[in-house]
Amino acid sequence: MAETSIRDALAGAVAPDTPVTVQGWVRTRRDSKAGFSFIQLNDGSCLDNLQLVADKEMPGYQDRILRLTAGCAIRCHGTLTESKGRGQSFEVQATEIEVLGWVENPDTYPVQPKRHSFEFLRTVAHLRPRTNTFGAITRIRHGAAKAIHDYFHTKGFYWVNTPIITSSDAEGAGELFRVSTLDLNNLPRDDQQQVDFKRDFFGQETFLTVSGQLNVEAFCLAMSKVYTFGPTFRAENSNTARHLAEFWMIEPEIAFADLDDLAALAEDFLKSVFTDVLKHHADDMAFFAERIEPTAISRLESLINSPFVRMDYAEAIRILENSGKTFEYKPEWGLDLQTEHERYLTEQHCQAPVIVMNYPDEIKAFYMRLNDDNNTVAAMDVLAPGIGEIIGGSQREERLDILTNRMQAEGLDPEHYGWFLDLRKYGTVPHAGFGLGFERLLNYITGMTNIRDVIPYPRTPGSAPF
RNA sequence: UCCCCGGUAGCUCAGUUGGUUAGAGCGGGUGACUGUUAAUCACUAGGUCGUUGGUUCGAAUCCAUCCCGGGGAGCCA
């Protein structure tokens with residue numbers, strides 16, 4: 001007989017009064033000396049537990065069932081029946097329970113049927129998926145990833161797997177992880193006594209990628225609509241609830257497109273992904289709204305139903321200057337928007353998601369397209385109420401001479417980017433793309449406040465256990 | 001990296017004018033009781049008070065150091 005998932009059992013996918021086999025991990029056990037024990041079983045297939053009813057007459061009741069504690073792995077054969085008690089519609093009348101794995105020392109099993117702090121659960125990252133919260137996060141993370149792939153697939157995008165190991169330090173030095181097989185205790189030296197990376201594995205210096213953008217642009221200028229979705233690495237020593245040294249990023253890139261097209265894509269993308277998650281993960285989202293963040297669902301619905309407001313950076317500065325509000329950092333043309341500025345724009349002034357466009361060129365990256373005013377670039381940030389910046393993107397500079405000038409102005413050597421410049425020599429077209437941190441998106445969806453709790457194994461400065 | 005806060009039982013925490021055997025709830029064990037819902041009740045076991053050093057007759061408590069965690073800032077996604 002095939003095993004039934006707890007999700008199917010509770011959803012009524014199995015006819016009542018038919019034999020079933022379920023398996024999973026015990027959450028709690030409650031005994032009645034009058035005749036039976038109740039076992040709450042979870043297998044990760046859904047948030048809810050399945051209740052097993054074990055009669056004292058069944059085999060092994062005294063020496064096995066009464067020894068079950070939280071965390072034990074069992075397989076239960078029985079009959080799915082409508083529950084006689086309140087709290088669940090279906091339960092299983094067990095006829096036999098096999099114990100596949102005992103808990104060696106129940107006294108110190110870390111995951112107890114009670115509230116744990118997220119700080120503690122991080123220290124047992126290998127066991128925290130057994131909690132309600134991390135089970136729900138795991139399902140939502142999967143569901144959001146699927147929603148993202150589905151969205152792009154439906155829109156005719158191709159998923160491009162850009163390299164993890166790269167030789168180009170796209171966004172400046174000092175923030176990359178070096179990849180090397182050299183013996184740190186015996187480094188090869190050249191004539192100048194510098195480390196000789198020609199002797200390294202790849203014959204040159206290599207690093208973990210900080211962005212797949214440059215690589216995916218090449219595929220954009222052939223496949224028209226592409227995206228990356230993969231791990232990204234930053235060696236920045238920043239210890240905050242919003243930063244990871246290893247995180248996942250989504251970077252769509254569209255050809256024959258300008259900044260307005262990109263803004264439209266960003267809005268449609270966010271609304272579509274949120275709609276999909278709310279639809280397919282209603283029970284997990286209800287859990288987050290009940291236990292983690294009361295507005296978890298309502299704020300997503302609100303964003304889905306609000307037209308995004310678009311404004312130029314210059315207008316944003318004017319609004320902030322005329323707001324009559326005192327900011328810690330005074331808004332001024334030429335300076336980047338602070339978190340407090342972004343929050344004012346999206347939460348108070350517009351009370352809707354805002355797309356700020358056309359920033360001063362000095363505060364943005366070299367690859368962003370210079371506007372006709374020679375003063376601003378076609379960059380955009382999507383700001384959402386309650387979270388601030390959620391997406392950053394730009395139309396790319398497709399003109400060879402201007403791109404080369406901007407690289408040199410930022411101290412980058414065009415010779416290192418020959419292949420990137422080729423794209424502007426051979427059939428260049430206007431194109432644009434944005435980047436979105438997957439874990440930040442998950443924080444926004446779930447209402448979890450620390451980014452270390454929405455990735456299975458967080459890597460942060462000074463910490464890479466498991 | 002900077003500023004602030006914290007580290008006491010498996011977990012969540014209480015415990016300073018420095019003073020004999022460091023407490024509670026939950027969890028574990030034992031028993032009672034009940035179609036139970038993080039059940040309830042009783043009993044019980046369980047801690048070299050983050051590390052190292054110092055002050056003192058005496059340190060969980062005071063000082064220094066380091067480690068780890070949290071919040072905020074900067075940077076960003």
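We name chains A, B, ... by the order of the sequence lines, and we start the count at 1 in each one.
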Using the [atom1] atom on both, measure [N] against [M] and round to a whole Å.
{"N": "B/G29", "M": "B/G46", "atom1": "C1'", "answer": "11 Å"}
{"N": "B/G58", "M": "B/C26", "atom1": "P", "answer": "40 Å"}
{"N": "B/A9", "M": "B/G15", "atom1": "P", "answer": "15 Å"}
{"N": "B/A14", "M": "B/U8", "atom1": "P", "answer": "10 Å"}
{"N": "B/C41", "M": "B/G25", "atom1": "C1'", "answer": "15 Å"}
{"N": "B/G35", "M": "B/A24", "atom1": "P", "answer": "32 Å"}
{"N": "B/C13", "M": "B/C49", "atom1": "C1'", "answer": "13 Å"}
{"N": "B/C33", "M": "B/G50", "atom1": "P", "answer": "43 Å"}

Side chain of [X]: nearest nucleotide among [options]?
{"X": "A/Arg242", "options": "B/C76, B/G27, B/G35", "result": "B/C76"}
{"X": "A/Thr108", "options": "B/G10, B/U1, B/G35", "result": "B/G10"}
{"X": "A/Pro106", "options": "B/U36, B/G28, B/G74", "result": "B/G28"}
{"X": "A/Gln51", "options": "B/G28, B/U1, B/G35", "result": "B/G35"}
{"X": "A/Gln338", "options": "B/G70, B/C76, B/G74", "result": "B/G74"}

Polar atom pairs between nucleotides 39-47 of chain B and protein, under 3.5 Å, N or O only, would you list them?
residue	atom	partner	partner atom	Å
B/A39	OP2	A/Arg30	NH1	2.2

In whole Å, what is the span from the [atom1] atom of [X] to the [atom2] atom of [N]?
{"X": "A/Arg122", "N": "B/G7", "atom1": "CZ", "atom2": "P", "value": "18 Å"}
{"X": "A/Glu340", "N": "B/G74", "atom1": "CD", "atom2": "P", "value": "8 Å"}
{"X": "A/Phe90", "N": "B/G35", "atom1": "CZ", "atom2": "P", "value": "23 Å"}
{"X": "A/Glu342", "N": "B/C75", "atom1": "CD", "atom2": "P", "value": "11 Å"}
{"X": "A/Leu10", "N": "B/U37", "atom1": "CG", "atom2": "C1'", "value": "14 Å"}
{"X": "A/Gln88", "N": "B/A38", "atom1": "CD", "atom2": "P", "value": "10 Å"}
{"X": "A/Tyr109", "N": "B/A38", "atom1": "OH", "atom2": "C1'", "value": "15 Å"}
{"X": "A/Gln112", "N": "B/G29", "atom1": "CD", "atom2": "P", "value": "11 Å"}

Who passes side chain to side chain contact (heavy atoms under 4.5 Å, CB included) against A/Thr28, sequence neighbours left out? A/Arg30, A/Gln40, A/Pro113
No-H, no-angle donor-acceptor pair, A/Gln93 side chain to B/G35 base, under 3.5 Å: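 Under the 3.5 Å cut-off, the side chain and the base do form a donor-acceptor pair.
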Check: B/G74 base within 3.5 Å donor-acceptor of A/Glu236 side chain: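 Absent.
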Under the ring pair (Phe, Tyr, Trp, His ring centres under 6.0 Å) rule, what do A/His149 and A/Phe229 come out as? Steps first, then yes or no, please. CA-CA 9 Å; A/His149 284 302; A/Phe229 188 170; 5.2 Å; yes
Classify [X] by what it touches in the nucleic acid, base, sugar-phosphate, or nothing, heavy-atom distance under 4.0 Å.
{"X": "A/Thr69", "result": "sugar-phosphate"}
{"X": "A/Phe438", "result": "nothing"}
{"X": "A/Leu244", "result": "base"}
{"X": "A/Arg452", "result": "sugar-phosphate"}
{"X": "A/Phe233", "result": "nothing"}
{"X": "A/Glu91", "result": "base"}

Counting Watson-Crick and G-U wobble pairs only, both distances under 3.5 Å, name the nucleotide matched with [N], or none.
{"N": "B/G58", "value": "none"}
{"N": "B/U1", "value": "B/A73"}
{"N": "B/C43", "value": "B/G29"}
{"N": "B/G6", "value": "B/C68"}

Judged by each residue's nearest nucleotide on RNA chain B, which is more toward the 5′ side, A/Ser32 or A/Leu68?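 Here A/Leu68 is the residue nearer the 5' end.
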Contact nearer the 5' end of RNA chain B, comparing A/Ser238 with A/Asn105: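 The residue closer to the strand's 5' end, by nearest nucleotide, is A/Asn105.
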So that I can tick it off, tell me whether A/Lys225 and A/Glu253 are bridged by a salt bridge, with the cut-off set at under 4.0 angstrom between side-chain N and carboxylate O. no
Below 4.0 angstrom, N of the basic side chain to O of the carboxylate: do A/Lys364 and A/Asp381 qualify?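 Yes, charged N to carboxylate O under 4.0 Å.
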Check the side chains of A/Ser211 and A/Glu251 for a donor-acceptor pair under 3.5 angstrom, ignoring hydrogens and angles. yes
With sequence neighbours excluded, tell me which residues meet ring pair (Phe, Tyr, Trp, His ring centres under 6.0 Å) with [X].
{"X": "A/His153", "value": "none"}
{"X": "A/Phe157", "value": "A/Phe152"}
{"X": "A/Tyr313", "value": "A/Trp333, A/Tyr359"}
{"X": "A/Phe274", "value": "A/Tyr444"}

Listing, residues 284-297 of chain A side-chain donor-acceptor contacts under 3.5 Å, not counting sequence neighbours, or none:
residue	atom	partner	partner atom	Å
A/Asp284	OD1	A/Arg139	NE	3.4
A/Asp284	OD1	A/Arg139	NH2	3.0
A/Asp284	OD2	A/Arg139	NE	2.9
A/Glu293	OE2	A/Thr295	N	3.2
A/Glu293	OE2	A/Thr295	OG1	2.8

Below 4.0 angstrom from OP1 or OP2 of B/C75, is there any side-chain N or O of A/Asn239? no
Would A/Gln338 and A/Glu342 count as a side-chain hydrogen bond (donor to acceptor under 3.5 Å, both in side chains) if you check the C-alpha gap in whole Å, the side-chain angles of each, and the deciding distance to 0.1 Å? CA-CA 6 Å; A/Gln338 298 289 319; A/Glu342 296 177 344; over 6 Å; no
Taking all non-hydrogen atoms of both residues, which atom of A/Pro456 and which atom of A/Arg128 are closest, and how far apart?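 Nearest pair, atom of A/Pro456 first, then A/Arg128: O-NH2, 3.0 Å.
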Set out, line by line, the N/O atom pairs under 3.5 Å between protein and nucleotides 12-14 of chain B.
residue	atom	partner	partner atom	Å
B/U12	OP1	A/Ser117	OG	2.6

Suppose the criterion is salt bridge (Lys or Arg N to Asp or Glu O under 4.0 Å): which pairs have a residue in residues 55-77 of chain A, not counting sequence neighbours?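 Those involving residues 55-77 of chain A are A/Arg75-A/Glu98.
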